[in-house]
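Letters A, B, ... are given to chains in the order of the sequence lines, protein chains preceding strands, and every chain is numbered from 1.
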Number of protein chains: 2
Amino acid sequence: MALSDYPQPSVTADVIIFTMHEQDLHALLIQRKRPPFEGMWAIPGGFVDIDESLEEAAERELEEETGVRDVYLEQLYTFGEVNRDPRGRVITVAYFALVPADVVEPQAGDDATDARWWPVYDLPPLAFDHHDILGYALQRLRYKLEYTAVGFELMPEAFSLSELQAVYEGILAEELDKRNFRRKILNADVIEETGEYRTGEGRPAKLYRFRDDAVAEINARRLFP
Amino acid sequence: MALSDYPQPSVTADVIIFTMHEQDLHALLIQRKRPPFEGMWAIPGGFVDIDESLEEAAERELEEETGVRDVYLEQLYTFGEVNRDPRGRVITVAYFALVPADVVEPQAGDDATDARWWPVYDLPPLAFDHHDILGYALQRLRYKLEYTAVGFELMPEAFSLSELQAVYEGILAEELDKRNFRRKILNADVIEETGEYRTGEGRPAKLYRFRDDAVAEINARRLFP
DNA sequence: ACAAAAGTGTTGAGAGTACACCCATGC
DNA sequence: GCATGGGTGTACTCTCAACACTTTTGT
């Protein structure tokens with residue numbers, strides 16, 4: 001029995017691309033040029049080519065929209081409800097990516113009239129089931145933030161501790177104690193001083209960078225046992 | 001442009017089915033009846049029907065091999081390397097399932113000459129990339145065990161605390177302190193006494209059951225912040 | 001000198017970990 | 001009565017969470 005005797009759905013790779021902008025978490029969305037959902041905003045994505053892996057497809061989509069390579073990229077979930085796309089059976093493998101703050105200007109691809117960053121707490125209506133997918137990505141990001149060092153992937157090369165704290169507060173949607181935050185980050189030994197200072201209003205702030213060699217350990221307190 | 005103008009890979013759903021047997025973690029494997037990898041052991045799975053969702057496909061596979069429904073089932077990961085199947089481009093959405101100890105006798109489906117439980121620390125060679133997939137499933141299971149109550153899904157209806165501890169030790173591959181284990185489980189308020197006792201050698205053991213209403217909270221100690 | 005943001009320590013409570021002996025039953 | 005597995009409590013350590021003032025700069 002040949003493979004083609006089985007029904008073959010279409011497979012797409014969608015990439016939720018997060019960044020920080022003005023201390024708020026943003027996601028990159030494109031405005032669809034063609035039906036269905038013409039003119040609506042959507043998560044960037046496209047069909048998986050027959051000779052590229054899923055991850056390669058995701059990397060390609062990411063580069064088309066942002067021009068960046070080699071950023072944090074992780075498979076999120078595969079969405080395969082029967083009627084999620086009115087054109088037919090389309091299964092999408094969703095990825096999420098984290099790009100450093102303020103380095104990317106979105107580029108609209110062939111299939112889009114526009115592409116821009118949207119703050120995740122103030123999104124437009126989205127095409128397909130993309131609202132659910134984005135919500136799931138946000139949940140996963142927040143969750144990973146709590147037990148890995150993934151938050152640093154969203155920071156620029158150099159940053160102050162206050163800026164880092166503001167990012168964490170924005171994503172977690174809660175306020176954190178400054179002294180506890182600083183102690184915990186510094187004790188974790190994952191950042192180092194750059195020697196530079198950020199000047200502005202008030203006392204200048206020491207700048208830090210993420211240490212490449214610092215592999216942040218998962219350190220969860222077990223529920224059981 | 002129609003959907004069918006894009007190349008369409010085949011999509012399968014594979015299900016790693018775990019259970020406990022004689023206090024060791026086991027996975028259900030089938031022996032393939034047809035090429036490729038004829039006669040080799042493999043994770044059960046099959047093509048996703050055009051009018052069923054991914055989860056429905058996984059549930060169907062699970063029921064074909066075990067006869068059970070309504071057990072714990074979770075999407076694991078989607079594997080889509082280009083050459084993972086010699087027949088052509090096949091993307092597999094992997095799920096994993098947990099079935100209670102000693103309730104299932106495997107049933108070989110149409111595509112298998114045999115189906116049986118294998119202890120996960122002593123597996124035969126596996127077809128395709130199934131060794132990687134199973135390893136990934138095991139890692140995820142071990143990980144979830146540490147911060148959710150998912151371990152109970154592997155237990156029979158009634159169990160003693162020593163049996164439960166042995167299951168945890170088997171999966172985590174480490175020894176646990178009896179007094180600490182018992183205190184933590186009992187304080188978590190997720191099991192209740194059945195009133196029955198298990199008799200055998202030595203002092204009879206109180207039996208417990210999992211409380212349906214107990215939603216085990218995730219309670220991780222954050223790494224940051 | 002004052003406004004603005006950076007930086008800094010201590011204490012109390014709760015959870016985790018290590019550790020050794022008595023209890024109930026079957027043979 | 002003894003072998004077998006079930007069941008129990010305490011002390012120490014470590015991490016978390018709460019909390020307020022001083023320092024450095026620009027204007």
- Query: Rounded to whole angstrom units, what separation is found between the NZ atom of K206(B) and the P atom of dA24(C)?
  - Reply: 11 Å

- Task: Figure out the CG/P separation between L186(B) and dG6(D), and round it to whole Å.
- Result: 14 Å

- Task: Could you check how far CD of Q165(A) sits from C1' of dT8(C), rounded to whole Å?
- Result: 14 Å

- Query: Separation of N187(A) atom CG from dG9(C) atom C1', in whole Å?
  - Reply: 13 Å

- Message: Does this structure show an ion pair linking E56(B) with R60(B), if we count only N-O contacts that are shorter than 4.0 Å?
- Response: no

- Message: Under the rule for ring-ring contact (aromatic ring centres under 6.0 Å, His included), what residues qualify as partners of W118(A), not counting sequence neighbours?
- Response: W41(A)

- Nearest-Å distance, CZ (F181(A)) to P (dT15(D))? 19 Å

- Query: When the distance from CD of E175(B) to C1' of dA18(C) is rounded to whole Å, what number comes out?
  - Reply: 14 Å

- Residues passing the side chain to side chain donor-acceptor pair (under 3.5 Å) test with K33(A), sequence neighbours excluded, are none

- Task: Summarise how protein sits on nucleotides 18-27 of chain D as a single string, 5' to 3': B when a protein heavy atom is under 4.0 Å from the base, S for sugar-phosphate-only contact, - for no contact.
- Result: BBB--BBBS-

- Note on the structure: Hits for side chain to side chain donor-acceptor pair (under 3.5 Å) against R203(A), two or more places apart or cross-chain, chain-then-number order -> none

- Rounded to whole Å, the CZ-P distance (F159(B) to dG5(D)) equals 20 Å

- Task: State which residues pass side chain to side chain donor-acceptor pair (under 3.5 Å) with H21(B); sequence neighbours excluded, sorted by chain then number.
- Result: D102(B)

- Query: What residues form a ring-ring contact (aromatic ring centres under 6.0 Å, His included) with Y136(B), not counting sequence neighbours?
  - Reply: Y77(B)

- What's the CZ-C1' distance between R182(B) and dG9(D), to the nearest Å? 14 Å

- Query: Taking OP1 and OP2 of dA5(C), is either one under 4.0 Å from a side-chain nitrogen or oxygen of S162(A)?
  - Reply: no

